[in-house]
Amino acid sequence: MSKKITITSWNINSVRARIGIVEDFLKQEAPDILCLQETKVADDLFPRDKFEEWGYHHMAINGQKMHHGVATLSKIPFTDVEKFDWQANGEARHIGVTLPSGVRLENVYIPAGGDVADRELNPKFGQKLDFFARMTEWSKTLKSPTIVTGDFNVAPLPSDVWNHKQLLKVVSHTPIEVETMDILKAAGNWTDIGRKFIEDPERLFTWWSYRAKDRLASDRGRRLDHMWVTPELVDKVVSHHISEYCRDWEKPSDHIPITSEFNF
DNA sequence: ATGGCTGGTAGAACCAGA
């Protein structure tokens, strides 16, 4: 018997500051599983009681004070919680679980990489590339059908940014980042669900800067958030959508939720 | 005019995000 499951990924930019809009989103779309990034909270201060109240009884949390942090909140039980340190510096950027169907769900927050696209001048850029390289090695060892989702901090296609030419030197869309992410994609034979359903070159953004005065007037967006699956799962994804309306709520995250529906 | 804002933490003319 097959079972429908919806999974959302959302870089929330502080789960505590946005607990109200998290509730609004969950009430509106009610995904079975919510993968958050940039929770910005130590595990003992995570608002577990709220998710408990909303029916997300199963929580896998990997946070730290101030920065980063990921959490997977689920109505469905899971097992085998793992935390990978693909950054190799202890930062909380990954949490993975195994769903009842045996599918692995990996929730990741890939580093932004700083301002300068040069690892000599900017160590954070090197850390970002090295993070991808470690994920690439991991991709070669997968034993189960796997979903990897989260804030990848790279907009790979020209149609994933508001202006390809202008962003070629801007971290998130530089050729070296796109090439590095393509190597990861090939290593796991990953399928990009976003672009399976909303095909290139259609406009598809998941992030807009807070600094734009009028988000939609300038529409300077980028597609930084992704959901990828291994080959066994490609035909099990029945739909995918983004929730752009969330970017226009009061005190929004700068990222919007992305959601896929699976038929396991 | 892609940093113009935002959050966390400190108690900064900070730091980090992307």
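Scope of the values below: all heavy atoms of this structure, side chains included, with no hydrogens, waters or symmetry mates. To find a chain, count down the sequence lines: A is the first, B the second, and so on, and within it residues start at 1.
The same atom, C1', is picked in B:dG17 and in B:dG11; the two are 22 Å apart, to the nearest Å. The P atoms of B:dC15 and B:dA1 are separated by 27 Å, rounded to the nearest whole Å. Distance noted for atom C1' between B:dT9 and B:dG3: 23 Å (whole Å). Of the C1' atoms belonging to B:dA12 and B:dG7, the separation is 15 Å, rounded to the nearest Å.
Evaluation of the side chain to side chain donor-acceptor pair (under 3.5 Å) test over residues 55-64 of chain A, restricted to residues two or more places apart or in two chains, returns A:E52-A:H57. Legend: salt bridge (charged side-chain N to carboxylate O under 4.0 Å, His left out) pairs involving residues 108-121 of chain A, not counting sequence neighbours, sorted by first then second residue: A:R119-A:D130. The side chain to side chain donor-acceptor pair (under 3.5 Å) pairs that include a residue from residues 174-188 of chain A are A:K128-A:E177, A:T174-A:E177, where partners are two or more places apart or lie in different chains. Sorted by first and then second residue, the side chain to side chain donor-acceptor pair (under 3.5 Å) pairs with a member in residues 22-33 of chain A read A:T6-A:D32, A:E23-A:K27, A:E23-A:W54, A:E29-A:H241, A:E29-A:S243, A:E29-A:Y245; sequence neighbours excluded.
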Legend entry - Contact pattern, 5' to 3', of nucleotides 8-18 of chain B - B, S or - by protein heavy atom under 4.0 Å: SSS-----SBB

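Here the two rings, on A:W249 and A:F25, have centers that are 6.0 Å apart or farther.
For the residue pair A:S159/A:R195, the side-chain donor-acceptor check at 3.5 Å is satisfied. Remark: the A:D225 side chain and the A:S9 side chain contain no N/O donor-acceptor pair separated by less than 3.5 Å.
Although no hydrogens or angles enter the test, the distance criterion places a donor-acceptor pair under 3.5 Å between the side chain of A:N122 and the main chain of A:V116.
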Inset, instruction - Map every base of DNA chain B to its dot-bracket character, where paired means a Watson-Crick or G-U wobble contact with both distances under 3.5 Å and | marks a partner outside the strand. - result: ....((((.....)))).

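A:W162 comes within contact range of at least one nucleobase, with a heavy-atom separation under 4.0 Å.
In textbook terms, a nucleotide whose glycosidic angle is within 90° of 0 is syn, and B:dA12 is one such case.
Rounded to the nearest 0.5 Å, atoms CD (A:E38) and NE2 (A:H255) are 6.0 Å apart.
Rounded to an integer number of Å, the gap from A:R215 CZ to B:dC5 C1' is 15 Å.
Annotation: of the two residues near DNA chain B, A:R18 and A:G221, the 5′-most nearest-nucleotide partner is A:G221.
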